[in-house]
There are 2 protein chains.
Amino acid sequence: MAKRTRATRPKAVKISDVARLAGVSVATVSRTLARPDVVIEETRTRVLAAVRDTGYTPNISARNLRVRKTMVVLVAVPDIANPFFAEVLQGIDDTLSAAGYGLIIANLAGPPEKEARYVDLVCAGQADGVLLLCGHMMRSPNRDLRDARVPLVAACEYIPHETFPQVTIDNVGTAREAVGHLIQLGHTSIAYLSGPKSNILEQQRLEGYRQALREAGIAADTGLILPGDFTFRTGVEAGRALLALEPAARPTALFAANDEMAIGLIKTVHTAGLQIPDDLSVVGFDGIAYADYCEPTLTTIVQPRRSLGATAAAELIALMTTGTAELRKDIKLPAKLMLRDSTRPPRKSAGHSFRDLRSG
Amino acid sequence: MAKRTRATRPKAVKISDVARLAGVSVATVSRTLARPDVVIEETRTRVLAAVRDTGYTPNISARNLRVRKTMVVLVAVPDIANPFFAEVLQGIDDTLSAAGYGLIIANLAGPPEKEARYVDLVCAGQADGVLLLCGHMMRSPNRDLRDARVPLVAACEYIPHETFPQVTIDNVGTAREAVGHLIQLGHTSIAYLSGPKSNILEQQRLEGYRQALREAGIAADTGLILPGDFTFRTGVEAGRALLALEPAARPTALFAANDEMAIGLIKTVHTAGLQIPDDLSVVGFDGIAYADYCEPTLTTIVQPRRSLGATAAAELIALMTTGTAELRKDIKLPAKLMLRDSTRPPRKSAGHSFRDLRSG
DNA sequence: GATGAAAATGTAATCGATTACATCCGGCGA
DNA sequence: TCGCCGGATGTAATCGATTACATTTTCATC
């Protein structure tokens, strides 16, 4: 007489079915599956046979309800279509799914109410932990993610003033190294193609740029800081801005806060007739796959994308299983400068680093 | 006295707490939240106030256990780092999360036992539906995804001999159109850079290529079919193969089964001194973002990536909620040829389509 | 063979929500 | 006034697994 209002999934084998078939109690079945060593050999084989025959698999909702765990973690990603994050996600996925966790991906590109929905979901206990790749604490109108009393770990983008573990690279130091490479080559007029000012990565990379110039005794010229927002499009715009300058006033090198902008810029100035790297050396940041595909290939800072994800995931697992683990608050992973075809000494220079050329 | 073996999440507000505070029964609270119209105004406001004061959110595991639903769908993706799928995922995510579903992403790049784990997970009732972007039926050693008795929908890659809905583009027809464009321009020696032979998309695109040649009365030259596997690397290799040919024997145009290979090939032959499109016209397939970033920009077939995802998701939702809906088995979405800078009439030709030049 | 500890298994409470069914109450028609 | 109807709410069964505690079995030892 059961009238099915909604689509109902039929007949599921449950633990009591297995128990009946094996001639044991449900407790024994559960134990056989959870801790095989505590049941006697003979019972175990009987139970396992029954499990196989019935095709039993435990109902996860029931288990979760009982043990108060969900075995899923939520990963907040700024933009899933961004290849950089896609690779970080791979690392996360590898580690987490090996440990038996499922992951819900919260793609924050899109309407902001989505973020709120995800926060509520976590607060409702739908996840055992959260991985933030998004550079900010997620909020919903009434709650904060912290209210969820769930372990948090951040990766890639540093979130200031927080106490949970964060897995990042040394953006300041690596940016300094990138610009240092240009200086080594003999460049003294080095532009910076920036990200959105509010972004922490942008702030750190800009700081690295400044430090490198300062160390080399090169005066920072604010006219050489081009606005951008990490997208290809703004790279193109920056390229046009460069072309609009008097040739003599043009920088001989440029450090871009990420690869996408660098590639956009290169494409633009290259089509306009500038030679890369002869007329302009370019260094990017991130090490996305296309940095190695474009023409010329891009010298860039390669971030350990998979490791960033995997490390953060491992840290979160530790946190989730052992409660408050030893909080390694700031975990820095090494990023390295990958030399490719987009950098070279400036034309006028002999190739040595005559740092005081600038003082004219 | 509660000794916490595992990390236990503390104090969760439950429905009975709300009921007590509001001075009503749990049933009333549940009803207030599920069907506000059946409780009287005064009670409703009292309950809602209690909900707000306590910060109550229902325990999803408990609800799922009771109503036998999970509100999550599993999405099987061949490779999450592939920008094409990343965008399809966006469409899926938009639609699904708007409808209140969470999504578990099964990234099939990686060890095959992962696929099995996901199959088991679905069979265990952990998902209400599955979206397959992977071109094959998922399996685990003992089970098939069909055993899960859960709605399935496939998208992007067609899976033959199945009865569930599939959302794809007309690969044969669009490939024919792409090659037709080259023929229109006057090309008669047109190479094909193929995908892996076992892949259905490859088979369909190859078929489209053949049809276009046949219609134009051009004899298919199997020497012009270059092996590839959809990766950038094989595009590079194909480029080298092309360069190794006698200049006179080289095709004047090439159709690549996807953009990534096309870009790899262009980069390779371009660095070697061939002019694109003057010496070689190239058409790609997919319309990934980089097709518009590379130098020259790539003429390609643009797939409606977001719509593919969104449509498939919508179809799955229909299936999940209304049981066996009207099964629109094959849903074809339009893809369009995007003309950019990588195609042009062949050098010798006047630019008109003198199709019978070949018979010379 | 009795004894007790340890090992194996069983019983039943529990997790937190949904919902069929029971109950209560007010109002309306006869 | 009685009885009935229907709307609002309460009671308690239920979903399916885990596990504390109870009970039974095993077995080494004297």
Side-chain angles (χ1 to χ4, degrees), chain A residues 1-6 8-20 22-47 50-51 54-71 123-126 128, chain B residues 1-6 8-20 22-47 50-51 54-71 123-126 128:
Chain A
M1 218 59 72
K3 54 178 169 184
R4 36 172 72 192
T5 321
R6 300 288 169 85
T8 312
R9 207 131 49 257
K11 63 136 192 176
V13 184
K14 44 186 176 179
I15 199 170
S16 56
D17 300 329
V18 178
R20 191 169 334 106
V24 297
S25 73
V26 294
T28 301
V29 176
S30 180
R31 275 189 288 252
T32 306
L33 265 22
R35 301 190 307 283
D37 48 300
V38 304
V39 305
I40 205 169
E41 160 86 41
E42 191 254 320
T43 322
R44 192 189 325 146
T45 53
R46 211 146 33 103
V47 169
V51 167
T54 55
Y56 168 77
T57 42
N59 178 311
I60 313 278
S61 298
R63 168 184 299 165
N64 289 347
L65 173 58
R66 183 63 235 244
V67 305
R68 293 143 160 276
K69 289 183 94 190
T70 64
M71 294 306 284
C123 290
Q126 271 282 63
D128 292 338
Chain B
M1 215 61 69
K3 55 178 169 185
R4 36 172 70 190
T5 320
R6 300 289 171 84
T8 312
R9 205 132 49 257
K11 62 135 193 177
V13 184
K14 44 186 177 178
I15 198 170
S16 56
D17 299 329
V18 178
R20 190 167 339 104
V24 297
S25 73
V26 295
T28 300
V29 175
S30 180
R31 276 190 287 252
T32 305
L33 266 23
R35 300 191 308 283
D37 48 302
V38 304
V39 305
I40 205 168
E41 159 87 40
E42 190 253 323
T43 324
R44 192 189 325 146
T45 53
R46 212 148 32 106
V47 170
V51 167
T54 55
Y56 167 78
T57 42
N59 177 311
I60 314 279
S61 298
R63 168 185 300 165
N64 289 347
L65 172 58
R66 184 60 235 247
V67 305
R68 292 142 162 275
K69 289 183 93 189
T70 64
M71 294 307 284
C123 289
Q126 270 282 63
D128 292 339

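Each chain gets a letter, A, B and so on, in the order its sequence line appears, and its residues count up from 1.
Contact check of residues 58-66 of chain A against DNA chain C (heavy atom, cut-off under 4.0 Å) returns A:L65, A:R66. Listed by residue number, the members of residues 35-46 of chain A with any heavy atom below 4.0 angstrom from DNA chain D form an empty set.
When the side-chain nitrogen and oxygen atoms of B:T28 are compared with OP1 and OP2 of D:dG10, one or more of them lie within a distance under 4.0 Å.
Within the structure, the salt bridge (charged side-chain N to carboxylate O under 4.0 Å, His left out) test picks out no pair touching residues 30-41 of chain A (sequence neighbours left out).
Backbone-only contact: B:V24 has heavy atoms under 4.0 Å from sugar-phosphate atoms and none from a base.
Bending across the helix from C:dG1-D:dC30 to C:dA30-D:dT1, expressed as the angle between its end axes from five pairs apiece, amounts to 60° (10° rounding).
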Identify the pairs formed between an N or O of the protein and an N or O of nucleotides 25-27 of chain D at a distance under 3.5 Å, and give each distance.
none

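Atom-to-atom distance recorded for A:T70:OG1 and A:D128:CG is 3.5 Å, nearest 0.5 angstrom.
The side chain to side chain contact (heavy atoms under 4.5 Å, CB included) search around B:T43 returns B:V24, B:T28, B:I40, B:R46, B:V47, not counting sequence neighbours. In terms of the side chain to side chain contact (heavy atoms under 4.5 Å, CB included) criterion, A:R66 has no residue partners (sequence neighbours excluded).
Minimum interatomic distance between A:V26 and A:I15 (heavy atoms only, all atoms of both residues): O-CD1, 3.7 Å.
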When the side chains of residues 54-61 of chain A are checked against the rest of the protein, which donor-acceptor pairs come out under 3.5 Å, sequence neighbours left out?
residue: A:T54; atom: OG1; partner: A:A50; partner atom: O; Å: 2.8
residue: A:T54; atom: OG1; partner: A:V51; partner atom: O; Å: 3.2
residue: A:T54; atom: OG1; partner: A:Y56; partner atom: N; Å: 3.4
residue: A:N59; atom: OD1; partner: A:S61; partner atom: N; Å: 2.8
residue: A:N59; atom: OD1; partner: A:A62; partner atom: N; Å: 2.9

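You can see that DNA chain C meets the heavy atoms of chain A within a 4.0 Å-exclusive cut from C:dA8 to C:dG16, reading 5' to 3'.
Here the rule is side chain to side chain contact (heavy atoms under 4.5 Å, CB included) with B:R44, and of B:V38, B:V39, B:L33 only B:V39 fits it.
Checked for salt-bridge contact, A:R20 and A:D17 meet the test: a charged N lies under 4.0 Å from a carboxylate O.
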